[in-house]
**Student:** 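Right, I'll just put the structure down here and ask away after.
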Amino acid sequence: MKWIFKIALFVALVIAMNWQYEQWAYKEYVFREADQVMQIEKVKNADVIYLSASSNFSPRPQEEDPRKLSQFVGNYFPSLLFEAINTPASHAGSHVDLLRFIPEKNKIQTVVCVINLRSMGPDWLHSSLETALNKQGVMYQSRPPIINRFLTSLGAYDNKTIEEREDERADMWAAPNLPFPSPRTNVNEWCALYKWGEWTDPKRQLADQYIKQYAYVVDENNPRIKDLDEIVSVSKERGWNLVFSILSENIVDAELLAGPELTQLMTMNVEWIKSRYEIDAMVVDNLNLLEPVNFHDKDFPTEHYNEEGRKRIASNIAHRLKHYHKNAFRNAVWEAELNPIK
Amino acid sequence: MVFNSLPFLIFFPIVLLMYYILPHRLRWILLLIASYVFYGFWKLEYLALIVFSTIIDYFVARFLHTSENRFNRRIALLASLSVNLGLLFFFKYSNFFIEDVLHPTGMISENAVNVWTSNWDFLLPVGISFYTFQTMSYSIDVYYKKVIPETNIFKLALFVSFFPQLVAGPIERFSRLHHQLFQSVTLSSDQLVAGGRLMLYGLFIKMCVADNVAPIVDQIFNDFGDASTLQLWIGMVLFGIQIFADFNGYSLIAIGAARCLGIRLIDNFDSPYSAISIQSFWSKWHISLSTWFRDYVFIPMGGSRVSAVRLGANILVVFIVSGIWHGANWTFVVWGAIHGIAYLAERYSGMAHSPNPLFQPVRWLTTMLVVFVAWVFFRIDSVGHGFDYVQGLFSTNTGELSLIWHPITISFVGLFLLSDTIFRAGNIQDWLAGKSLVTRWTVYSFMIYGILAHAGTVNHPFIYFQF
């Protein structure tokens with residue numbers, strides 16, 4: 001009897017503690033450590049939410065219009081409320097946690113979720129940034145906040161060390177998993193094959209990075225594909241329209257530096273993704289949309305676009321999104337300035 | 001498996017429940033299985049090392065017990081020590097020895113170093129220094145006929161691998177721990193409550209004090225060149241608090257977990273920062289290790305019954321070896337040497353035994369200055385950086401890091417230091433036992449709330465795991 005009383009007292013205490021924590025400390029903590037939770041409040045009232053990463057906001061000071069890619073999309077639908085969540089380095093895995101965390105009562109009609117091809121490769125799958133994203137992900141679970149906070153401090157998420165992640169990545173680069181004969185059976189072989197001079201040569205280093213970022217085959221075992229499957233499932237449950245927007249990559253430089261086999265692989269992966277999701281979602285293919293001049297970073301393959309690049313992708317997405325929001329669609333004023341999309 | 005992790009919070013109650021459900025004769029088997037699961041959780045391969053060490057010590061001890069031939073016994077003991085120390089050396093010190101000793105002295109080439117490090121790049125098996133010392137003490141005690149060896153190899157395996165104290169101590173002796181592992185224990189609420197209190201307090205000081213202080217310490221030590229003099233002092237003092245809360249926290253969880261199972265482990269700390277001499281500090285800090293060094297290194301070297309010069313040299317050797325035990329880096333050698341030199345200075349100046357109470361605050365301050373300056377070398381990555389840091393403490397650096405302070409962290413640190421002086425760490429459960437229900441539950445609630453809502457989230461492993 002005494003033990004039952006003590007257990008009951010303990011449970012009551014934890015409930016009281018959770019209430020107290022929610023009132024006094026929760027907001028301060030999530031603002032500091034998992035600010036995406038705060039953004040949920042904002043997006044639940046939006047008509048369209050745009051889930052992205054740094055590709056959404058990469059302006060440079062000299063640009064006339066520094067708006068985000070999602071804001072350019074929103075330009076086409078002036079009567080709809082667009083909101084974006086764009087934590088750097090986030091990916092489908094973080095997006096699915098966020099979607100699950102959105103309250104049942106919301107006004108969302110459509111979810112636009114970007115697919116970054118690089119996020120499916122070994123370098124990003126085993127990035128050291130994953131630990132921080134996974135830690136944030138604990139706070140998005142639908143449990144009492146104090147329990148989520150406790151699980152975070154217990155490290156109850158995938159919190160491998162940098163060394164462990166590097167080892168896993170190295171194993172994937174060494175595994176013979178590419179659909180090419182030798183000497184392109186794995187990333188390491190391929191990187192050794194393409195010689196633009198010594199390793200100190202910036203061109204050689206860039207070629208190496210292109211191969212490391214894109215040389216892999218996407219299949220249903222890829223963790224990001226499992227996350228995308230989850231996004232499909234959550235969107236169906238909630239009755240949201242789902243748009244997957246495959247981000248543009250610097251195809252021209254990829255081919256120039258690493259050869260046509262690499263772009264062939266990138267295209268093959270995109271086609272596979274399109275065929276997998278074409279029934280359950282609208283898939284917008286932006287892979288080949290941009291020219292090298294539209295990419296800001298010249299020393300590493302990224303999806304950081306200049307103003308024109310952001311506008312061209314926005315236009316591509318908006319014209320497809322019209323399917324769900326026909327009455328709200330208006331052509332953006334800057335549409336005519338863009339070169340025709342290929 | 002670490003104590004402050006979800007798997008352990010599930011694992012321990014299950015083991016505890018099964019322990020008291022099972023009949024007495026089967027309990028030790030459960031503990032052995034649980035210990036191997038606990039250790040194998042890190043890396044299954046590491047279990048092979050413990051098993052190997054156990055097998056060697058089992059057979060050596062059996063031989064030592066039956067053989068009367070002094071030469072053969074000595075050879076057998078040497079073999080056992082060589083295997084244990086060899087494993088320790090190979091996994092912990094080989095890279096250091098090759099890169100920092102052989103290579104700088106020109107005994108091997110750069111190429112050979114690269115070949116070695118690329119072929120033998122492995123993680124240090126968790127807790128190897130702890131269980132190696134525990135098994136070595138067993139063999140030595142059998143050699144000196146202080147204990148009768150275990151005849152069942154599986155029972156010896158449990159002594160070597162008993163999970164609460166396997167990876168970071170307290171380092172137990174066979175004569176103290178072994179019989180407790182097989183004694184009949186009846187379930188008692190007093191025992192569970194006592195163990196639970198120690199575990200709760202241990203978790204609190206690890207997760208709320210050490211883990212909250214850790215990011216500030218990391219920031220100051222990683223960028224100490226940009227820190228102001230005041231910040232360098234803060235970094236040094238906070239590291240002293242972090243390592244105490246971290247290691248004492250671990251020890252208390254270990255002692256508490258064992259207590260729940262009806263087993264009493266040796267206390268590892270006794271308010272070390274109240275020490276007024278280095279000698280006294282070492283009777284209060286990591287007690288199980290300092291007594292191990294006293295019994296198995298210092299006394300065999302002649303103890304106090306040698307000439308003053310020899311005694312001084314022996315003391316210095318013990319402290320330096322203790323430093324190296326902590327890690328394969330010259331910084332640990334310097335850390336040990338600082339303590340050794342300060343110990344000798346105290347001993348030969350008579351300061352350690354000065355009866356004048358007026359000098360006590362000065363002695364305490366001097367002792368803490370030595371202890372905390374030595375911590376700088378314990379924490380920093382190289383000896384050169386250590387000296388730069390210490391130099392910075394006594395200069396007027398104007399640099400300014402923007403440190404992220406949280407008022408809760410400061411309150412936790414204050415409470416921890418206060419509580420350590422009130423109930424001297426391990427005695428929290430005695431202190432609580434005499435209090436009213438309301439007081440007890442207020443203290444429990446505070447600690448539980450701290451752990452649930454304000455524990456550090458950077459997830460630092462226990463510092464002593466790396467040793």
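Reckoned from all heavy atoms, side chains included, excluding hydrogens, waters and symmetry mates. The chains referred to below are lettered A, B, ... by the order of the sequence lines, with proteins before strands, and numbering in each begins at 1.
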**Student:** Can you tell me how far the OH atom of A:Tyr21 sits from the NE2 atom of B:His454, to the nearest 0.5 Å?
**Tutor:**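 A:Tyr21 atom OH to B:His454 atom NE2 measures 7.0 Å (nearest 0.5 Å).
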**Student:** Among B:Leu452, B:Ile448, B:Leu6, find the one that has a side chain to side chain contact (heavy atoms under 4.5 Å, CB included) with A:Phe150.
**Tutor:** B:Leu452
**Student:** Looking at chain A, which one of B:Ala453, B:Ser5, B:Ala455 has the largest number of heavy-atom pairs inside 4.5 Å, strictly under?
**Tutor:** B:Ala453
**Student:** Below 4.5 Å, heavy-atom pairs only: which of B:Ser445, B:Ser189, B:Pro7 has the largest tally toward chain A?
**Tutor:** B:Ser445
**Student:** Closest approach of B:Thr457 and A:Tyr157, non-hydrogen atoms and distance?
**Tutor:** O-OH, 4.1 Å
**Student:** According to salt bridge (Lys or Arg N to Asp or Glu O under 4.0 Å), who are the partners of A:Glu237, at least two apart in sequence or on a separate chain?
**Tutor:**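 Salt bridge (Lys or Arg N to Asp or Glu O under 4.0 Å) check on A:Glu237 returns nothing, list empty.
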**Student:** Donor-acceptor pairs under 3.5 angstrom involving side-chain atoms of residues 6-19 of chain A: please list them, not counting sequence neighbours.
**Tutor:**
from	atom 1	to	atom 2	distance (Å)
A:Asn18	OD1	A:Ile146	N	3.1

**Student:** Which bit of B:Leu9 is near chain A, if near means a heavy-atom gap under 4.5 Å: side chain, backbone, both or neither?
**Tutor:** side chain
